[in-house]
K.L.:
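Structure provided below as structure tokens; questions to follow.
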Amino acid sequence: MDAPAFEPKLKETRWDPSLELEILKKWEEEDLYRFDGKSRKRLFLIDTPPPYPSGRPWHIGAAAHYTQIDMIARTARMMGHEVYFPIGIDRNGIPVERYVEREKKIRLTALPRSDFIRICSETLDELESEMLWVMRRAGLSGDFKNHYRTDSPEYRALTQTTFIDLFKRELIYRSSRPNNFCYDCGTTVADAEIDYAELPTDLVYMVFDLVGEGSIVVASTRPELLGACKAIIYNPADDRYQGLEKRRALVPVYGREVPIIAHPAARPDFGSGIVMICSYGDKSDVQLFRELGLEEVILIGTDGRMLEAAGPLRGLTVEEARQRIIDMLKDEGRVVKIERIIHQIPICERSNTPIEIIPMDEYYLTQLSLKEELLEASSKMTFYPEFHRQLLIDWINSLKIDWPISRRRYYATEIPIWYCKSCGQPNLPQPGKYYRPWMESPPFEKCYNCGGTEFQGEERTLDTWVDSSISPLFISGYLRDEKFFRRAYPVSVRPQGKDIVRTWLYYTLLRCYQLAGKPPFRAVWISGMGLDEKGEKMSKSRGNVIDPRPILEKYGADVFRFWCAQEASLGYDFRISEQRIASAGKFITKLWNIARYVSQFPQPSRARLTPADRWVLSELSILIEESMRGYREFNFFVPATRVRNFVWNIFANHYIEMTKIRALRRGSQKGNAEAAWYTLHLILKNCLKLLAPITPFITDYIWRTLYSEKSIHLERLPIPRWDKSFSKYTEALVEFNSSVWKQKKEKNLSLREPIEVTIPEQLSLFKEDLMVMHNIVGTS
RNA sequence: GGGGCCGUGGUCUAGCGGUAUGACGCCGCCCUCACACGGCGGAGGUCGUGGGUUCGAAUCCCACCGGCCCCA
């Protein structure tokens, strides 16, 4: 006697990703993720990384990164916090200028400053809208309505305010010292902005005459710096050169007499073991000049050409000068040999061209004297995962100079200073407003120092990290909403990639500590990098970048998000391949079909549970516990893999199969249908909640179709409230079912055909369900 | 030169003191009333190498090798 067939409430046999667009619209109409700053709930502020629109397509690894940050927001929300998930875009600095120069073939200096700025701004708008599209389409529950930009007058005013504050407190100072200079960008760059490249370089072995008699061979990759050579060193342990100290050498071409010094910085195995010290071939030259008290010679100008002091090389570029001097040395018979070596060369990370070290007059932000305090402050922050804490500690410990913060560029926050034309003193405006000294007249009449009335506006700008390093202050209302700031700062979590620990994380800690006297975050969440299929970094030059947009359109956001969660364990690098994204889609289909199956049954409010029901609820409790352990440390890999395993390998394969006959009220089994219906819905509801932060679309769709008019995203994450003791049967159940399937297979029986098997004593509790499930006949 | 992470069947991965988990791929059978983006079954690994600790190690310790990333 068959009961009437039930009608599933979910009709289609698979999840349609285009439904996501309707759901998105609904979320926006409902303003579902609105942040209420006055809420009594505990505030949870996320210092979302404002991404930098520096090119296209936007990196799929970045899209993955932001969806994971969204999972943090959703998790916190479902844990009962009032979540502020701001969306910001970082729009200051060299990257966009270089993008414009490259893509539009315009030199920064070839246009009036205001025109160049306008083009940068328009370009940023285009790039930004692409990023915002990806974020929105990926289902980010952020505050898109009020998205902020680091180049807005409001943001720049705050940056300038902090500059004025720190300048007055003498934490910002002006100094002329050897600095990394990129000719291509035309500006000083910080250590944090330098990369190293292995490039083939000529190591030139040159004969230097000694004063008196004899000669030595000096090996150098920078012969064009001969004119700045102020000393010669060799290693004191190098037997070949004992007796050289106290001698002096004559620099070829320039004829200058320089001392020869035994110093451990010389590596006996490099070149001839004798090295010339010039201002400035590299960092160690800077250090030795300071240590030995040598007087620097400036050979290279800011245009990358040789200066007066270079004598016969004057006016040449560095490259030309190198060739010229080699020729000159050859003419004098001073070149012993030239060796082609692979050499590490510091390059600018923006332009990828070699940087030079030249003394420049720049503004610096004090950091060296704060190292201990910063280490102390960082120890108060929780790191997820803990092992990435070391990246920050190592960087703080390796700091060698204060942070040069001024840049000779256009598209950035202006340094808010006017210089008095009569006494030269810097005059700073009142904090709180946005100033552009290069085009505006000063907001004051007289020089504070001499009373002069003529001013020259500062033309330099600030390093872009000066802006982005105050994002936690910006989002928490610093100086703009003191009441909110007191509740909101330090912010709850800083999520970011491990590649910008030395820049964004470090600079934020430094700046916020200086300004607010406290570390900026309670927790730091550091993710690994998205690499290509072979485990190598994605980059345009390698040609292995993947555009996230077609992936999102083809598979949908939930598939992409589920893939993100199950692919990347917290803090570890992960590989990106379309094939693996596609396979994540299978789980989404599976989930959909399970929900579709369950959707046909009524939802009893209570039921008398059978052993099978109690068993699957035991497993559910364990699943919730394990998943919550992952959620509490924002490691979505844990819930994603655990839920997937439960849903597929426990719930679908075993529980649903065990209860199918009674749930469908087929055959003689109908007494316990209600218990099956009740349990099926209970499991589904809880799995949907567990998955909601990871796959917000499909879970909300199913939730609203089956369970509530309100969104699942207003629910709390589940609590493991069921007795776990029945999980002791799991292994035996799985094994028994498997063995029956195998026997049927071997006997060539269809799964519905009867079979004679013995149910193990251990599983006698489940006898009723197992008998009908496998159509077991006979007894034992 | 320094640091971090990683080395588990063809590929990727779980496990982190009791001789191995799952996925993808592969082979075979099955359109079984939620799902063929499915189900069932199968082949395939001495867990990078060497040593040590232990009754017992992929799991702890040491050394080495290899890969990736970061820094100097």
Side-chain angles (χ1 to χ4, degrees), chain A residues 2 5-15 191-192 194-196 267 269-270 282-284 287 344-346 349 385 387-395 397-400 497-503 526 528-538 555 559 563 566-569 571-601 637-638 640-642 644-645 647-649 651-653 656-657 660-661 663-664 666 680 684 737-746 748-753 773-775:
Chain A
D2 280 3
F6 297 112
E7 271 296 307
K9 287 188 183 164
L10 301 170
K11 308 288 181 205
E12 308 299 323
T13 59
R14 68 189 54 152
W15 167 247
D191 285 349
I194 288 175
D195 282 335
Y196 287 78
R267 282 167 44 201
D269 59 330
F270 182 78
D282 59 26
K283 284 237 166 96
S284 74
Q287 206 181 323
Q344 297 266 22
I345 293 174
E349 72 169 6
F387 65 82
H388 276 337
R389 179 191 297 280
Q390 202 58 36
L391 296 173
L392 177 63
I393 292 175
D394 288 350
W395 180 249
N397 282 326
S398 74
L399 294 171
K400 293 283 190 302
K498 71 176 189 188
D499 56 330
I500 50 174
V501 166
R502 65 183 168 139
T503 48
I526 296 180
M529 310 309 298
L531 307 172
D532 75 0
E533 283 171 299
K534 300 189 192 93
E536 289 176 12
K537 199 168 152 179
M538 282 194 186
Y555 299 99
V559 169
W563 165 80
Q566 67 156 27
E567 191 74 27
S569 193
Y572 292 90
D573 293 348
F574 56 97
R575 302 183 184 200
I576 302 172
S577 86
E578 181 166 346
Q579 196 208 348
R580 293 180 70 84
I581 295 171
S583 73
K586 292 188 183 177
F587 174 68
I588 301 299
T589 307
K590 188 74 186 175
L591 177 70
W592 175 261
N593 275 293
I594 287 168
R596 178 165 178 255
Y597 169 76
V598 174
S599 77
Q600 69 186 306
F601 300 117
F637 177 83
V638 175
T641 52
R642 298 292 191 281
R644 181 188 194 282
N645 185 53
V647 164
W648 211 316
N649 298 323
F651 187 45
N653 285 1
I656 288 184
E657 294 303 332
K660 198 171 254 176
I661 304 289
L664 289 167
R666 295 271 155 79
L680 287 165
L684 178 60
N737 288 336
S738 203
S739 81
V740 176
W741 286 323
K742 190 172 177 177
Q743 285 178 55
K744 287 198 171 176
K745 184 109 226 155
E746 280 163 359
N748 234 337
L749 299 170
S750 93
L751 293 179
R752 276 199 281 174
E753 286 179 79
M773 169 190 190
H774 295 297
N775 198 3

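Naming: A, B, ... by sequence-line order, numbering from 1 per chain.
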K.L.:
Base, sugar-phosphate alone, or nothing: which one does A/Glu657 contact when heavy atoms must sit under 4.0 Å apart?
P.N.:
base
K.L.:
Reckon A/Phe637 touches a base, only the sugar-phosphate, or nothing at all at heavy-atom distances under 4.0 Å?
P.N.:
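Result for A/Phe637 = sugar-phosphate.
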K.L.:
Partner lookup for B/rC33, please. Criteria are Watson-Crick or G-U wobble with both distances under 3.5 angstrom; report none if nothing qualifies.
P.N.:
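Across all strands, not a single nucleotide pairs with B/rC33.
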K.L.:
Quick check for you: to the nearest 0.5 Å, what is the distance between A/Glu567 atom CD and A/Arg580 atom CZ?
P.N.:
4.5 Å
K.L.:
According to a strict under-4.0 Å criterion, is A/Asn397 in side-chain N/O contact with OP1 or OP2 of B/rG2?
P.N.:
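Looking at the OP1 and OP2 atoms of B/rG2, neither is under 4.0 Å from any side-chain N or O of A/Asn397.
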K.L.:
What is the pairing partner of B/rG50, taking Watson-Crick or G-U wobble pairs with both distances under 3.5 Å in any strand?
P.N.:
B/rC62
K.L.:
Report the base-pairing partner of B/rC5 (Watson-Crick or G-U wobble, both distances below 3.5 angstrom), or none.
P.N.:
B/rG67
K.L.:
Roughly how far, to the nearest 0.5 Å, is the CZ atom of A/Phe637 from the CZ atom of A/Arg642?
P.N.:
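Rounded to the nearest 0.5 Å, the CZ-CZ separation comes to 7.5 Å.
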K.L.:
At 4.0 Å (heavy atoms only), tell me whether A/Asn653 reaches a base, stays on the sugar-phosphate, or touches nothing.
P.N.:
sugar-phosphate
K.L.:
Provide, to the nearest angstrom, the distance between the CZ atom belonging to A/Phe270 and the C1' atom belonging to B/rG1.
P.N.:
13 Å
K.L.:
Classify the angle between the aromatic ring planes of A/His774 and A/Trp741 as parallel (below 30°), tilted (30 to 60°) or perpendicular (above 60°).
P.N.:
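A/His774 vs A/Trp741 ring planes: perpendicular.
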K.L.:
Does B/rA43 have a Watson-Crick or wobble mate here (both distances under 3.5 Å), and if so which one?
P.N.:
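Per the H-bond distance test, none.
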K.L.:
When we call it a touch if two heavy atoms are under 4.0 Å apart, what does A/Arg14 touch: a base, just sugar-phosphate, or nothing?
P.N.:
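Counting heavy atoms under 4.0 Å across all strands, the contact made by A/Arg14 includes a base.
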K.L.:
Could you tell me how the ring of A/Trp15 sits relative to the ring of A/Trp592: parallel (under 30°), tilted (30 to 60°) or perpendicular (over 60°)?
P.N.:
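Rings of A/Trp15 and A/Trp592: tilted, 30 to 60°.
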K.L.:
Could you tell me whether the phosphate oxygens of B/rC35, OP1 or OP2, come under 4.0 Å of any side-chain nitrogen or oxygen in A/Lys586?
P.N.:
no
K.L.:
Just checking A/Gln566: base, sugar-phosphate only, or nothing, at a heavy-atom cut-off of under 4.0 Å?
P.N.:
nothing
K.L.:
When we call it a touch if two heavy atoms are under 4.0 Å apart, what does A/Asp394 touch: a base, just sugar-phosphate, or nothing?
P.N.:
sugar-phosphate
K.L.:
Check whether any side-chain N or O of A/Trp395 sits under 4.0 Å from OP1 or OP2 of B/rA72, and answer yes or no.
P.N.:
no
K.L.:
With a non-hydrogen cut-off below 4.0 angstrom, is A/Tyr572 in contact with a base, only sugar-phosphate, or nothing?
P.N.:
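Here A/Tyr572 touches the backbone only, sparing every base.
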K.L.:
When you match A/Thr589 and A/Ser738 each to their closest nucleotide on RNA chain B, which lands nearer the 5' end?
P.N.:
A/Thr589
K.L.:
Touch check for A/Ile594, heavy atoms < 4.0 angstrom, all strands: base, sugar-phosphate only, or nothing?
P.N.:
base
K.L.:
What is the distance, to the nearest angstrom, from the NZ atom on A/Lys660 to the C1' atom on B/rG39?
P.N.:
10 Å
K.L.:
Would you indicate what A/Trp592 reaches in the nucleic acid, counting non-hydrogen atoms under 4.0 angstrom: base, sugar-phosphate, or nothing?
P.N.:
nothing
K.L.:
Starting from the 5' end of RNA chain B, give me the residue, A/Trp741 or A/His388, whose nearest nucleotide shows up first.
P.N.:
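Result: A/His388.
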K.L.:
Roughly how many Å is it from CD in A/Gln579 to C1' in B/rC24, rounded to a whole number?
P.N.:
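Taking atom C1' of B/rC24 as the reference, CD of A/Gln579 is at 6 Å.
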K.L.:
Give one of base, sugar-phosphate or nothing for A/Trp15, where a contact means two heavy atoms less than 4.0 Å apart.
P.N.:
nothing
K.L.:
What is the distance from CG of A/Leu399 to P of B/rA72, rounded to the nearest Å?
P.N.:
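The distance from CG of A/Leu399 to P of B/rA72 comes to 10 Å, rounded to the nearest Å.
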K.L.:
Taking A/Arg14's backbone N and O only, do any of them form a donor-acceptor pair with A/Asn593's side chain (distance below 3.5 Å, no angle check)?
P.N.:
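Checked: no pair found.
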K.L.:
Counting the atoms with a prime plus P, OP1 and OP2 as sugar-phosphate, which does A/Leu10 contact under 4.0 Å by heavy atoms, base, sugar-phosphate, or nothing?
P.N.:
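If one applies the 4.0 Å heavy-atom cut-off, A/Leu10 turns out to touch nothing in the nucleic acid.
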K.L.:
Watson-Crick or G-U wobble partner for B/rA23, using a 3.5 Å limit on both distances?
P.N.:
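Pairing partner: B/rU11.
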